[in-house]
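Chain letters run A, B, ... following the sequence lines, proteins first and then strands; every chain starts at 1.
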Amino acid sequence: MLDLKFIRKNPDVVRAALEKRGFDFDLARLLDADEEWRQMLFTVEQLKNRRNAVSEEIARLKKERHPADDLITQMREVSQRIKDLDEDIRRVDERLQDMLLQIPNIPQASVPFGRDESDNQEVRRWGEPPQFTFEAKAHWDVGEGLDIVDFQRGGKVSGARFSFMKGAGARLERALINFMLDLHITRHGYTELFPPFLVNGQSMVGTGQLPKFAEDMFKIENNDYYLVPTAEVPVTNFLRDEILDAEVLPIRYVAYSACFRAEAGAAGRETRGLIRQHQFNKVEMVKFCKPEESNEELEKLVHDAEEVLQLLELPYRIIVLCTGDLGFSSSKTYDLEVWMPSYQGYKEISSCSNFTDFQARRAGIRYRPQPRAKAEFVHTLNGSGIAVGRTVAAILENYQDADGSVTIPKALVPYMGGMTRIKVL
RNA sequence: GGAGAGAUGGCCGAGUAGGUCGAAGGCGCUCGCCUGCUAAGCGAGUAGAUGGGCAUAAUCCUGUCUCGAGGGUUCGAAUCCCUCUCUCUCCGCCA
């Protein structure tokens with residue numbers, strides 16, 4: 001969320017940012033509510049001041065055994081007015097907060113302007129898409145041919161967009177998780193966390209999934225629990241409502257989690273294969289840093305994610321999202337897209353974002369720039385490091401052979417117990 | 001799931017016949033003094049949020065709110081009542 005004071009002082013900046021995003025929001029209503037709220041607050045504070053002063057006076061009089069009945073009668077009325085006003089203020093404040101939570105982050109100046117994903121800009125490419133001398137199959141056909149992925153039984157046991165991994169496929173999934181985590185903790189300086197997969201509503205508000213995107217999530221009935229859509233949620237909220245010392249920054253965490261998404265708006269899209277499932281595995285990197293460091297940390301974050309693909313020798317490109325395609329909480333986002341032969345194109349496999357102080361303000365994560373200074377909001381960032389299911393899909397497609405078998409990327413062989421190929425039986 | 005105990009400032013910890021309690025005391029921390037050095041000692045200062053004086057920053061002065069959260073009683077609540085959350089102990093169940 002944005003700073004209300006900032007909005008008050010720079011309504012034009014906010015309006016321009018909303019415009020660039022193509023985001024519809026009535027800023028005037030918010031400013032009116034803010035004005036109303038401040039007026040009422042001023043009035044009620046004066047009344048409370050009076051009440052406090054008179055209450056002290058009453059205490060003094062009683063101590064000296066003087067009567068205070070007149071004052072008490074007077075104050076009875078003042079107290080009632082305060083109660084009524086407080087209730088009005090609470091209502092306006094609630095409206096104000098609701099509106100504030102609906103406003104997206106302000107895109108950085110370096111984010112290209114654009115309407116939708118077609119305006120995203122490519123930053124760089126790595127690797128060459130493989131040339132096949134045979135007709136390359138889509139990963140779901142490769143996987144089913146090897147009997148390592150089972151969509152049929154996933155559908156029977158759970159439903160559409162669920163699947164089983166089996167045999168070498170299950171092991172590949174697990175190997176990738178370990179490979180990615182090991183890379184980030186040993187070479188990129190991250191501390192590993194293993195988070196809860198259910199979080200409360202407050203955490204969802206902290207990272208920006210709620211209140212606006214409730215329909216994208218799975219909620220547990222009769223409890224304030226949501227299945228995490230990404231480890232970003234529990235890991236960012238790990239430090240919620242805390243004040244950190246400056247010297248502990250930057251903090252870098254990496255966490256594996258299963259991710260659960262309702263995919264409410266994706267009906268009919270990518271219904272086959274591992275690309276869009278209700279449950280998938282992901283390794284996520286999360287950073288907390290000083291404001292002046294966050295853009296540099298974003299670049300490093302992208303490199304950390306890239307290295308996974310480089311070591312797996314999977315061709316990819318990096319794009320920077322335009323203003324119209326930028327996520328709600330993000331100020332700037334790079335996507336990593338891996339080459340997928342079945343698409344004859346690049347497919348998102350990681351998303352790395354700088355949220356500036358947007359999440360930190362919602363989640364109350366602050367630090368002291370100097371030992372005794374006023375606490376300020378940190379900047380938070382996160383990026384997939386990387387999506388495991390899509391990596392499996394990319395390996396099955398890019399590493400397939402004419403006979404339907406799949407070569408294991410070299411970096412993964414130790415994690416596969418020395419296995420170098422998944423062969424057709 | 002059952003029974004009980006608890007939640008106070010950076011930490012520990014007082015505070016029940018409701019009234020100078022935003023809160024004793026200690027530890028820690030900061031500044032100063034003292035001292036060959038260190039240790040010890042002495043003095044002072046040390047919660048957060050938000051608004052106003054203030055037109056920009058610092059300082060200063062000042063209002064309001066905050067003693068797990070929310071509500072109630074009262075002129076007045078850390079203290080009384082209700083609801084909830086979390087932590088701890090014991091029992092049950094369980095991977």
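Distance, A/E57 CD to B/G76 C1': 13 Å, rounded to whole Å. A/R361 places its CZ atom 14 Å from the C1' atom of B/U50, with the value rounded to the nearest Å. When the P atom of B/A49 is taken as reference, atom CG of A/D93 falls 18 Å away, rounded to whole Å. Atom CD of A/Q39 and atom P of B/G51 are 15 Å apart (whole Å). For the pair A/L4 CG and B/A49 P, the computed distance is 17 Å after rounding to whole Å. Remark: P of B/G51 and CD of A/E35 are 13 Å apart, rounded to the nearest angstrom. Atom CG in A/N237 sits roughly 17 Å away from atom C1' in B/C86 (whole-Å rounding).
Under 4.0 angstrom from either OP1 or OP2 of B/G51 there lies at least one side-chain N or O belonging to A/K5.
The pair A/E376-A/R368 fails the salt-bridge criterion, with no side-chain N (NZ, NE, NH1 or NH2) lying under 4.0 Å from an Asp/Glu carboxylate O. With respect to A/E293 and A/K300, no salt bridge is recorded, no charged nitrogen being found less than 4.0 Å from a carboxylate O. A salt bridge links A/K48 with A/D86; the closest basic N to acidic carboxylate O contact falls under 4.0 Å.
Residues passing the side chain to side chain contact (heavy atoms under 4.5 Å, CB included) test with A/E173, sequence neighbours excluded: A/M165, A/N281, A/V388, A/V392. Under the side chain to side chain contact (heavy atoms under 4.5 Å, CB included) criterion, A/K83 pairs with A/Q80, not counting sequence neighbours. The ring pair (Phe, Tyr, Trp, His ring centres under 6.0 Å) search around A/F358 returns A/F328, not counting sequence neighbours. Legend: residues meeting side-chain hydrogen bond (donor to acceptor under 3.5 Å, both in side chains) with A/E57, ordered by chain and number and at least two apart, are A/R60.
Listed by residue number, there are no residues of residues 192-203 of chain A with a heavy-atom contact under 4.0 Å to RNA chain B. Near RNA chain B, meaning a heavy atom under 4.0 Å from it, residues 64-77 of chain A has A/I72, A/M75, A/R76 in order of number.
The environment of CD in A/E299 is crowded: more than 12 heavy-atom neighbours from other residues, nucleotides or ligands sit within 6.0 Å. Within 6.0 Å of CG on A/D116 lie more than 12 heavy atoms contributed by other residues, nucleotides or ligands.
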Kindly list each side-chain donor-acceptor pair under 3.5 angstrom involving residues 2-15 of chain A, sequence neighbours excluded, with atom names and distances?
residue: A/D3; atom: OD1; partner: A/K5; partner atom: N; Å: 3.1
residue: A/R8; atom: NE; partner: A/D34; partner atom: OD2; Å: 2.6
residue: A/R8; atom: NH2; partner: A/D34; partner atom: OD1; Å: 3.0
residue: A/N10; atom: ND2; partner: A/F6; partner atom: O; Å: 3.0
residue: A/D12; atom: OD1; partner: A/R15; partner atom: NH1; Å: 3.2

Listed pairs under 3.5 Å, donor-acceptor, residues 211-228 of chain A side chains, sequence neighbours left out:
residue: A/K219; atom: NZ; partner: A/N223; partner atom: O; Å: 2.4
residue: A/D224; atom: OD1; partner: A/G201; partner atom: N; Å: 3.3
residue: A/D224; atom: OD2; partner: A/G201; partner atom: N; Å: 3.3

Under 3.5 Å donor-acceptor pairs involving side-chain atoms of residues 258-269 of chain A, not counting sequence neighbours:
residue: A/R261; atom: NE; partner: A/P229; partner atom: O; Å: 2.9
residue: A/R261; atom: NH2; partner: A/P229; partner atom: O; Å: 3.0
residue: A/E263; atom: OE1; partner: A/R276; partner atom: NH1; Å: 3.1

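Put simply, the side chain of A/R390 gets close to the backbone of A/E348: a donor and an acceptor are under 3.5 Å apart. Of the possible donor and acceptor atoms, none in the side chain of A/R21 sits under 3.5 Å from a partner among the backbone N and O of A/P104.
Taking a pair as Watson-Crick or G-U with both hydrogen-bonding distances under 3.5 Å, the stems of three or more pairs touching RNA chain B are B:1-7 with B:85-91, B:10-12 with B:25-27, B:28-33 with B:41-46, B:47-53 with B:60-66, B:68-72 with B:80-84.
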Check: Nucleotide by nucleotide, 5' to 3', does protein get under 4.0 Å of the base (B), only the sugar-phosphate (S), or neither (-) in nucleotides 67-72 of chain B, counting heavy atoms?
Finding: ------
Check: Going 5' to 3' along nucleotides 52-65 of chain B, which nucleotides have protein heavy atoms under 4.0 Å from the base (write B), which only from the sugar-phosphate (write S), and which from neither (write -)?
Finding: -----------BSS
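Only the P atoms considered, B/C29 is 23 Å distant from B/U35, to the nearest whole Å.
Nearest heavy atom pair, residue A/K137 against residue A/G404, reads NZ-CA, 4.2 Å.
A distance of 6.0 Å or more separates the ring centres of A/Y253 and A/Y190.
Note on A/K63: nothing from the nucleic acid sits closer than 4.0 angstrom, heavy atoms only.
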